[in-house]
2 protein chains.
Amino acid sequence: MATVAAEDTRAHIIEAAGPIFAEKGFHATTIREICQAAGANLASVNYYFRDKERLYHETVLRASEMRRAEVPLPQWSQETPPAERLKGFIHTIIERMVLMRKAPWQVKLMNREILQPTEACRDLIREYFRPHFEMLLAILDEMLPAGTPDHTRTQLGFSVVSQCLFYRMCEESVAMMVGEEELAAHYQGEQLAAHIARFSLAAFGHGNLADSPNTAS
Amino acid sequence: MATVAAEDTRAHIIEAAGPIFAEKGFHATTIREICQAAGANLASVNYYFRDKERLYHETVLRASEMRRAEVPLPQWSQETPPAERLKGFIHTIIERMVLMRKAPWQVKLMNREILQPTEACRDLIREYFRPHFEMLLAILDEMLPAGTPDHTRTQLGFSVVSQCLFYRMCEESVAMMVGEEELAAHYQGEQLAAHIARFSLAAFGHGNLADSPNTAS
DNA sequence: GCACGTTTCAAACAACTGTTTACTTGCAGG
DNA sequence: CCTGCAAGTAAACAGTTGTTTGAAACGTGC
């Protein structure tokens with residue numbers, strides 16, 4: 001049994017399917033398109049994945065694995081102040097979503113799942129989003145008063161991540177709104193991360209919006 | 001010429017197409033499905049709109065018209081403080097997007113356009129989003145120091161609207177994250193608007209997060 | 001050499017897609 | 001009554017879709 005070659009084309013198909021699913025969505029993507037990009041036969045998808053849906057599901061999970069492996073969260077020392085940790089967290093999220101230009105399809109695909117969940121989304125939340133969100137909440141805990149209720153904590157977390165998500169999900173609309181030149185000048189990853197961190201920290205009472213308005217990292 | 005009946009079925013088709021396009025997207029929606037829902041003949045779409053794309057375009061524009069007409073922005077008096085105006089703005093946006101349960105398809109359809117713009121998006125930005133965003137920026141201007149650069153102003157505006165957009169766009173994922181009970185208890189429109197207003201005003205240095213943590217309006 | 005299970009392939013399948021056609025209906029003005 | 005034209009309809013069109021088929025090619029163990 002030539003399992004090596006078999007797993008090879010299997011992986012080839014997922015890697016070819018990723019960018020296409022990410023760009024056009026599930027319905028607008030055709031199996032023929034994927035197989036052609038993968039250099040595989042039309043019947044390969046049904047042979048290895050049984051049907052189109054299962055291929056999609058596996059592709060989504062593969063995307064989250066790749067993102068986590070490529071951009072790990074920073075390791076903080078014990079005495080790192082929570083404000084610094086929040087900055088690092090936001091920076092990592094923005095970097096995962098916006099900065100790394102060479103691997104954007106994983107992000108686009110995951111965004112599709114967040115916006116229009118399929119069966120794959122439960123796996124995605126359990127293994128990717130939930131752990132990261134808990135990490136964020138742990139940081140916020142150190143900046144919030146002791147008796148802060150759970151749902152307020154959660155919504156404050158959402159207020160932070162929603163700003164990060166916005167620039168990825170609404171990327172094209174933002175470009176239409178501000179124009180290409182403005183986009184290139186003031187909407188690069190580091191600048192956005194710095195802005196979001198400054199806004200959020202000001203909301204938490206750490207510093208104010210006038211602090212270091214034009215520097216990042 | 002029976003123009004009355006003609007415009008009637010034309011409108012019927014758009015109204016039937018709206019919820020379906022909103023729910024399933026352009027590609028996954030079939031003309032047959034729309035015509036059946038509209039009680040019209042299969043050929044009607046091509047007769048009145050020439051093709052599927054033009055029907056979609058017109059449906060998106062119709063959606064924005066309906067939202068603007070149904071939930072107008074409040075009229076502020078001259079002496080209304082900017083903090084109050086910001087609260088009112090956020091409240092209206094959240095109400096347009098989340099609260100009105102009877103008419104959610106227009107919002108879903110417009111969100112689709114923001115996330116994955118087609119030709120219709122330029123019209124949408126010009127006639128809907130841009131005017132509202134300018135209104136928000138005018139409010140922020142009164143709370144910001146005089147020399148605030150343009151791109152910072154814009155990004156602060158995005159920080160506000162991104163929080164509002166989040167709860168609509170990621171509605172299903174948020175539900176998966178927090179559970180249905182929590183959602184019903186703490187994620188209703190007024191509560192979300194109050195939270196976003198409190199967070200944003202704290203960031204602008206107006207009040208802090210501990211203010212009125214459990215009351216709305 | 002042969003037989004075996006796995007992988008690959010071209011071809012066909014049935015179902016569905018958006019669009020067009022040819023025809024009928026309904027109603028106006030002459 | 002007839003003509004002209006907009007509106008509605010059923011049927012067919014040509015193309016694409018996901019999926020299945022049956023045979024060929026491949027590598028491996030005997």
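In what follows, chains carry the letters A, B, and so on, assigned in the order in which the sequence lines appear, proteins first and then strands, with residues in each chain numbered from 1. Since the structure is predicted, the reported quantities are computational estimates derived from the model, not experimental observations.
The B:D51 side chain lies nearest to C:dT19 when the options are C:dA12, C:dT19, C:dT8. Here the side chain of A:Y48 is nearest to one of C:dT20, D:dT19, C:dT8, namely C:dT8. Of the listed nucleotides (C:dT19, D:dG18, C:dA11), C:dA11 has the atom at the smallest distance from the side chain of A:L42. With C:dG18, D:dA10, D:dT21 as the choices, the nucleotide that has an atom nearest any side-chain atom of A:A43 turns out to be D:dT21. Taking the side chain of A:N41 as heavy atoms from C-beta on, and the options C:dG18, D:dT17, C:dC9, the nearest nucleotide is C:dC9.
Residues A:H186 and B:D150 have side chains that never bring a donor and an acceptor to within less than 3.5 angstrom of each other. In the model, B:S64 has no side-chain atom that pairs as donor or acceptor with a side-chain atom of B:Q106 under 3.5 Å. A donor atom on one side chain and an acceptor atom on the other are not found under 3.5 Å apart for A:S162 and B:Q163.
Counting to the nearest Å, the C1' atom of C:dC16 and the NE2 atom of B:H27 are 15 Å from each other. Between the CD atom of A:Q36 and the P atom of D:dG18 there is a distance of 13 Å, given to the nearest Å. If you measure from atom NZ of A:K52 to atom P of D:dT17, you get 9 Å, rounded to the nearest angstrom. Counting to the nearest Å, the C1' atom of C:dA15 and the CD atom of B:E33 are 16 Å from each other. B:I13 places its CD1 atom 10 Å from the P atom of D:dT9, with the value rounded to the nearest Å. Atoms CG (B:N46) and C1' (C:dG18) sit 7 Å apart, rounded to a whole Å. As rounded to whole Å, 12 Å separates atom C1' of D:dA10 from atom CZ of B:R32. Distance B:I34 CD1 to C:dT19 P: 11 Å, rounded to the nearest Å.
Under 4.0 Å is where a charged nitrogen must lie from a carboxylate oxygen, and between A:E65 and A:R68 no such pair does.
Closest-nucleotide positions on DNA chain D for A:A28 and A:R50 were compared, and the one nearer the 5' end corresponds to A:A28.
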Exercise for review: Might you work through the ring pair (Phe, Tyr, Trp, His ring centres under 6.0 Å) test for B:F49 and B:Y56, ending with a clear yes or no?
Suggested key: CA-CA 9 Å; B:F49 305 92; B:Y56 178 80; over 10 Å; no
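Proximity of A:T9 to the phosphate of C:dT8: a side-chain N or O atom is located under 4.0 Å from OP1 or OP2. One finds no side-chain N or O of A:Y47 lying less than 4.0 angstrom from the OP1 or OP2 phosphate oxygen of C:dT8.
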